[in-house]
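Following: one structure in structure tokens, then a few remarks.
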There are 2 protein chains.
Amino acid sequence: MQRGTFQLMKTVNKKIILNKIRTSEPISRAQIAKETGLTPPTVSSIVKELVDEGLVKESKLGESSGGRKPTMLHINSDAFYVIGVDAGPEMVECVLTDLTGEIYQRTSSSLKGQLSNERFLSLLKENIYAILQLSKIELEKIIGIGIAMHGVVDVESGRSLIAPNLNLRDIPIKDELSKEFDLTIKVENDARAMALGESWFGGHGDVDSMVAVNIGHGVGAGVVINGKLYHGSHDMAGELGHMTIDLHGDVCMCGNRGCLQTFVNGDAIVKRMKEQYNDVEEITAKEIYERALQGEAACVQILGETGNIIGIGLTNLIHLINPSKIVLGGGVMKSEKFLMPTILETIQDRALTSKSKETAVMVTKLGDDATLLGAVSLLLVELFDPVS
Amino acid sequence: MQRGTFQLMKTVNKKIILNKIRTSEPISRAQIAKETGLTPPTVSSIVKELVDEGLVKESKLGESSGGRKPTMLHINSDAFYVIGVDAGPEMVECVLTDLTGEIYQRTSSSLKGQLSNERFLSLLKENIYAILQLSKIELEKIIGIGIAMHGVVDVESGRSLIAPNLNLRDIPIKDELSKEFDLTIKVENDARAMALGESWFGGHGDVDSMVAVNIGHGVGAGVVINGKLYHGSHDMAGELGHMTIDLHGDVCMCGNRGCLQTFVNGDAIVKRMKEQYNDVEEITAKEIYERALQGEAACVQILGETGNIIGIGLTNLIHLINPSKIVLGGGVMKSEKFLMPTILETIQDRALTSKSKETAVMVTKLGDDATLLGAVSLLLVELFDPVS
DNA sequence: TAACTTAATTAATGATTTGAAAGTTATTTA
DNA sequence: TAAATAACTTTCAAATCATTAATTAAGTTA
């Protein structure tokens with residue numbers, strides 16, 4: 001229970017100013033005062049603190065509007081650095097970025113072959129050590145390490161409970177890394193990290209609620225409300241992939257029937273292709289996309305159908321979570337060109353009210369590094385802690 | 001953007017103390033200080049204000065634990081009153097309650113027959129006037145009027161956009177009542193109001209997130225997060241009834257196929273009964289329940305199947321919103337005895353992780369007045385404004 | 001060039017509110 | 001009855017922002 005103290009007062013104002021600078025840089029002190037309602041002396045004194053701490057810096061003067069030129073303020077992007085890790089099914093990738101998400105160093109290791117928890121953890125550590133050595137940045141300037149881990153993650157304890165594609169369970173990531181590095185460690189599910197990264201780096205402005213959906217081998221999603229990840233009470237919110245949309249559908253790897261991902265992940269697309277055109281030889285989802293690009297009607301049609309079903313899943317999402325924006329990413333969305341028309345059409349068709357039909361649905365603009373940037377954003381959100 | 005001011009500090013602490021008293025009454029000043037971390041002088045001075053405002057009152061002394069006896073504090077339940085209105089498909093009900101939800105007056109009017117917006121609004125006004133006259137309570141002691149309206153509601157403007165069962169559209173409830181009464185007016189969808197009422201009066205303690213689901217003519221739900229209604233960005237969050245769970249299901253009144261409510265509302269139960277046992281004469285859902293009570297196997301089986309499908313819907317809810325508690329109510333849930341076993345079984349079966357299988361699922365303990373109390377809670381939440 | 005504007009800092013004063021320490025009151029216990 | 005204990009209150013110090021005003025800076029405009 002956060003009491004009302006002087007400290008609260010101060011930190012609230014400090015965060016308001018810091019976030020104003022972050023979202024509106026370059027901006028002058030006078031402008032901050034005008035927009036936040038704080039008085040110029042208050043703004044001046046807090047900005048001074050921020051400058052002393054190194055988080056904010058002054059730059060060139062701005063344009064005069066009839067008087068003295070304002071001194072413009074910026075986030076001092078290289079004041080601190082963050083380490084982000086994407087621990088996917090096939091490899092570990094690790095980056096070091098500044099506060100704007102600019103990547104300075106990058107390492108990676110393959111996860112192919114048989115792995116133990118210990119081996120996995122030491123691969124993580126080795127990559128982080130390598131990044132630290134390469135960058136030669138003092139530990140004090142690093143805010144922490146964010147880890148986007150595929151599978152089921154317990155956020156509070158920082159454990160990976162189930163990592164299906166590595167065939168591992170119960171990996172105490174946070175505990176082990178804390179022993180090794182004196183830094184804040186955040187562990188999060190990869191789709192959720194990606195969602196946060198999307199809301200942080202995706203240029204979506206001030207959106208009250210957003211869901212980012214990753215469609216690839218599986219279907220995962222993250223829910224961001226007021227700039228913060230919404231976990232639900234068991235870190236399961238947004239588990240879109242195993243939403244039942246067809247009582248009599250195929251059996252999913254989870255044991256249930258008719259999960260969304262049995263219709264729309266890569267394998268499902270291939271399967272549907274083979275079923276409908278039973279003269280089809282071996283083919284991959286990527287090849288279906290490529291053939292669609294070349295105008296092959298069957299492939300175009302299969303992708304269009306896939307878009308329809310994604311649209312049905314998203315409509316369920318709109319009716320339950322009702323975000324103002326949905327961002328789509330992942331391997332399957334590379335076929336955006338053939339998927340989006342039917343996705344949007346289906347939502348128009350099925351959403352109940354005119355306002356909900358207007359939900360913004362779009363493809364991510366962050367490319368392959370979306371998850372890595374998500375891992376990074378886990379720590380940036382802490383630092384900037386948006387006030388709503 | 002809420003700045004950090006002395007006022008903020010004060011109101012935060014005041015709300016902490018007020019809510020501590022509300023949830024833990026009777027409680028002494030010393031105990032409040034201990035549990036909130038505020039210092040005794042701070043507690044004393046704020047309690048004094050609350051007593052002066054009439055919201056809190058002192059009662060008998062408590063038991064000594066080796067020193068001066070503590071003075072116990074209570075919410076002064078008759079300091080203020082609230083008017084709650086349930087505008088359902090068939091009638092308008094109106095109550096006046098005190099701060100604990102105790103009902104003091106009650107009126108109602110039938111909505112049968114052809115109605116215009118004007119007639120509907122004057123019925124509302126007449127009921128409210130009647131309540132005011134009966135109770136003889138001064139307007140100053142009434143916090144406001146909460147209205148639980150079936151159908152689609154725009155909360156911000158306080159308009160009923162679509163009232164399907166009355167065949168009305170676009171009723172400016174808040175505007176019209178504001179002209180008539182100098183009171184705060186809150187308009188909310190009935191299922192959502194019910195959800196808030198459930199979390200407020202249902203004795204669930206401090207639950208971080210809760211969904212209340214109403215299964216009757218339709219299926220509606222409300223999402224309560226940290227004691228506050230979560231609306232989503234278009235007042236649609238929790239629109240469970242039109243979640244697609246079967247791509248090839250029957251056509252719903254909304255035009256889509258396979259909506260949850262085409263499987264589990266009253267009509268659906270009757271329809272399934274007729275389909276499976278095609279020698280069945282006219283029957284109502286209520287009769288199916290009664291026959292099940294008398295041991296008729298067919299009816300027991302139909303209700304069991306219904307429970308299964310409700311369970312599938314709730315599992316989708318668990319995976320998307322992931323609340324820590326789900327409370328079920330509405331006419332169909334009167335068959336609780338035959339529904340709950342399969343509901344719980346299905347969730348056990350289908351929920352993905354062991355923690356999510358543990359989601360508490362239960363039937364509401366508030367009876368027929370759940371929606372009315374929900375309407376009342378719309379204003380109580382404002383007054384007590386839970387701090388999280 | 002003089003007069004006016006706008007930006008930013010500094011300083012003084014005041015208001016609000018919590019916090020810490022000490023004091024008062026009521027009760028139990030030895 | 002005195003000492004101890006707990007509940008509550010009073011007093012004063014500290015934190016912090018708002019307000020006001022003065023100062024400096026660096027323009028623009030007449």
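In what follows, chains carry the letters A, B, and so on, assigned in the order in which the sequence lines appear, proteins first and then strands, with residues in each chain numbered from 1.
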(request) Identify which one of B/I75, B/L50, B/V51, B/N76 satisfies the side-chain contact (heavy atoms from CB on, under 4.5 Å) criterion when paired with B/K57. (result)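 Exactly one option meets the side-chain contact (heavy atoms from CB on, under 4.5 Å) with B/K57, and it is B/N76.
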(message) In whole Å, I'd like the distance from the CZ atom of B/R3 to the C1' atom of C/dT16.
(response) 15 Å
(request) Round to a whole Å and report the spacing from CG of A/L50 to P of C/dA8. (result) 15 Å
(request) Remember a base hit wins even if backbone is also touched, and classify A/T42 as base, sugar-phosphate or nothing at under 4.0 Å, heavy atoms. (result)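 Answer is sugar-phosphate: A/T42 comes under 4.0 Å of backbone atoms only.
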(request) Describe the nucleic acid contact of B/I46 in one word from base, sugar-phosphate, nothing, applying a heavy-atom distance below 4.0 Å. (result) sugar-phosphate
(request) Going 5' to 3' through nucleotides 7-16 of chain D, assign each nucleotide B (protein heavy atom under 4.0 Å from a base atom), S (under 4.0 Å only from sugar-phosphate atoms) or - (no protein heavy atom that close). (result) BSBB---BBB
Crowded around [X] [atom1]? As in, over 12 foreign heavy atoms under 6.0 Å?
X: A/K355; atom1: NZ; result: no
X: B/K48; atom1: NZ; result: no
X: A/E25; atom1: CD; result: yes

(message) OP1 or OP2 of D/dA18 versus the side-chain N and O atoms of A/T39: is any pair under 4.0 Å?
(response) yes
(request) Could you check whether the rings of B/F6 and A/F6 sit parallel, tilted or perpendicular, using 30° and 60° as the cut-offs? (result) perpendicular
(request) Pull out every stem in DNA chain C, meaning runs of 3 or more consecutive Watson-Crick or G-U wobble pairs with both distances under 3.5 Å. (result)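 Counting only runs of 3 or more consecutive pairs, the stems involving DNA chain C are C:1-30 with D:1-30.
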(message) I'd like to know if B/K325 and B/E198 make a salt bridge, using a cut-off of under 4.0 Å between side-chain N and carboxylate O.
(response)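 So B/K325 does not pair with B/E198 through a salt bridge.
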(request) Would you give the length of the straight line joining atom OG of A/S209 to atom NE2 of B/H231, rounded to the nearest 0.5 angstrom? (result)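 The NE2 atom of B/H231 is 12.5 Å from OG of A/S209, to the nearest 0.5 Å.
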(request) Indicate whether the side chain of A/S233 and that of B/D208 have a donor and an acceptor atom separated by less than 3.5 Å. (result) no
